[in-house]
Amino acid sequence: MDLYFYNTLTKQKDKFEPIDLEEVKIYSCGPTVYKDATIGNMRTNIFQDILRRVLRYNGYKIKHVMNITDVGHLVSDGDEGEDKMLKSAREEHKTPLQIAEYYTELFFNDLKLLNIETPEIVCKATDHINEMLEYVKKLVENGYAYETSTAIYFDISKLDKYPILSNLDLEKQKAGARVDIDREKRNPADFALWIKAPENHLMKWDSPWGASYPGWHIECSAMGQKYLGEQFDIHTGGIDLIPTHHENEIAQSKGRCGKIPANYWLHGEYLLINGGKMSKSLGNVYLVKDIIEKGYDPIVYKLFSYSCHYRNKLNFTWEGIEATSKSLERLRNSYKINLNGNDKLTQQDKDKLLQIEENFHKAINDDLNMPLAMSYVWEVARFEKKNEEVAKLLAKFDTVLGIKIDEDNSKKEEIPEEILELVEQRKIARENKDWQKSDELRDLINQKGYSVKDTKNGAEIKRI
RNA sequence: GGCGCCUUAGCCAAGCGGUAAGGCACGAGUCUGCAAAACUCUGAUGAUCGGUCCGACUCCGAUAGGCGCCUCCA
């Protein structure tokens, strides 16, 4: 079945045709590890995870590279106030590198909690200083870069066309742009490839230009080329990366080898909080940890993100999470019921399931349309006949969804001995049809923070 | 100032030029000692206005409201 992606480069849905039919090569811009990853960051990672899973559903093998930015963004570039990185390093009595390691670990823990697959290759910027340096040297050699007293800059006027992803008109931008005080730059939009380190700079390396450190965009170009070659299939990232980071990555690649590094550029939209932007000043920055603390399975957030297409803004609300929590429970419930179902499937039923399966496939192949795909998942979950085949189809869908549909809803957490004892007493009361005592015991259990629900397989106990 | 996006039932949110998927909530019901679960049923004419068309939510234009980017940001 054909697969289509909306391509920021062409501004339309393009049919996907990989360079190498055997293996799709993807590069994703990963986290800058100097602070906690938010659920907004995670939305992008979920989108990238879906991309991987959909490609695999279509039979492709994948080579996916994701970078860890542990240098370059670490030190503020002339902003006022203390740098966050240095601040946390000082507060926690750690080096910048230790901070990077700490947040890298947290990041991967979040991925795990959300059942997001780890890319085949994860690479740190600091491990590729040489590659970056070589890349910059080559750009200088090719005449696309020049040195100033503070840095090596990329000269965008050497390109046939500079902003090619976004519709920005640099000429028109000039009027409203902030004043650029760097008179050494040839063009206002020239960006730093390699920066000469000030005396007190914590991370710096030797280079032909003295102690210095890489600019903000060179790492992705250098590592992308190293692991995936001059040209690969898909490049992903958040929508905010379009105007600068990805634009500059393309510029660098064109300057070095005359090619746009990737054929398909996919960008994920922002997550909004209560209709607005997530920001610390509004106190609405949420982490995966916060979702867990409110008592939800973190997978709920993943499922929640499927209610909206990745190229549209998704509005996060706790009401939405609560609603999705119910949905997840029902989907898992349906899986379990179907697994033990004994209804016979007629040929007509089987045809119907096949049709739904095809619709699902069509939806995910149409630029990862998860909201539409979910409607087909529900058709299966609510299929009138309960049968193992239905459960198998749900499991197949779950290779794309990754919501652990086979996981038991009843939490595996420890139920206190006291509660178990009360539940046992209630069971006896119910067997004796002593409903009054049974209800009293249920109230008591509720008071102690647990709920009891009678199912065919006995009492289900959950923490409230 | 420039560029772009969004506005669909109480909430979230898709597809589609020919009369609107799905989820949650609400309500009704089946089942069960009750509750829960499960299952069944139930709701919108598409921000406003105008145009094109045999026909528009779906194309074009305008208006209103909301949002994003142009500066680090997923």
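Proteins come first, then strands; the chains are lettered A, B, ... in the order of their sequence lines, and each starts at number 1.
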Starting at the 5' end of RNA chain B and moving along, which residue's nearest nucleotide shows up first, A/Phe304 or A/Ile239? A/Phe304
Test your reading of the model: is there a side-chain donor-acceptor pair from A/Glu219 to the backbone of A/Asn67, 3.5 Å cut-off? no
With sequence neighbours left out, what residues match A/Ala222 under side chain to side chain contact (heavy atoms under 4.5 Å, CB included)? A/Glu131, A/Met132, A/Tyr135
Earlier contact from the 5' end, RNA chain B, for A/Val452 and A/Asn315: A/Asn315
Is the distance from OP1 or OP2 of B/A13 to the nearest side-chain N or O of A/Lys313 less than 4.0 Å? no
Under 4.0 Å, counting only non-hydrogen atoms across every strand here, what does A/Asn312 touch: a base, just sugar-phosphate, or nothing? sugar-phosphate
A/Gly40 and A/Met278: which non-hydrogen atoms are nearest, and at how many Å? N-CE, 3.7 Å
By nearest atom, which of the nucleotides B/A14, B/A74, B/C39 is closest to the A/Lys386 side chain? B/C39
Taking a pair to mean Watson-Crick or G-U wobble geometry with both distances below 3.5 Å, B/C5 pairs with B/G66
Show the nearest heavy-atom pair for residues A/Arg43 and A/Leu314, with the distance to one decimal. NH1-N, 3.4 Å
Which donor-acceptor pairs under 3.5 Å do side chains of residues 320-327 of chain A form with protein atoms, sequence neighbours excluded?
residue	atom	partner	partner atom	Å
A/Glu322	OE1	A/Tyr296	OH	2.6
A/Thr324	OG1	A/Gly320	O	2.7
A/Ser327	OG	A/Ala323	O	3.4

By nearest atom, which of the nucleotides B/A74, B/A14, B/C69 is closest to the A/Cys308 side chain? B/A14
Strictly distance-based, threshold 3.5 Å: is any side-chain N or O of A/Asn7 a donor or acceptor partner for the main-chain N or O of A/Lys11? no
State the pairing partner of B/A38; accept Watson-Crick or G-U wobble contacts with both distances under 3.5 Å, and report none otherwise. B/U30
Measure from the side-chain heavy atoms of A/Tyr270 and tell me the nearest of B/G15, B/C73, B/A38. B/C73
Think A/Asn369 has a side-chain N or O under 4.0 angstrom from the OP1 or OP2 of B/G15? yes
Produce a footprint string for nucleotides 22-34 of chain B: one letter per nucleotide, 5' end first; B if the base is under 4.0 Å from any protein heavy atom, S if only the sugar-phosphate is, - if neither. SSSS-------BB
Taking the side chain of A/Lys277 as its heavy atoms from C-beta onward, which of B/G68, B/A14, B/A38 lies nearest to it? B/G68
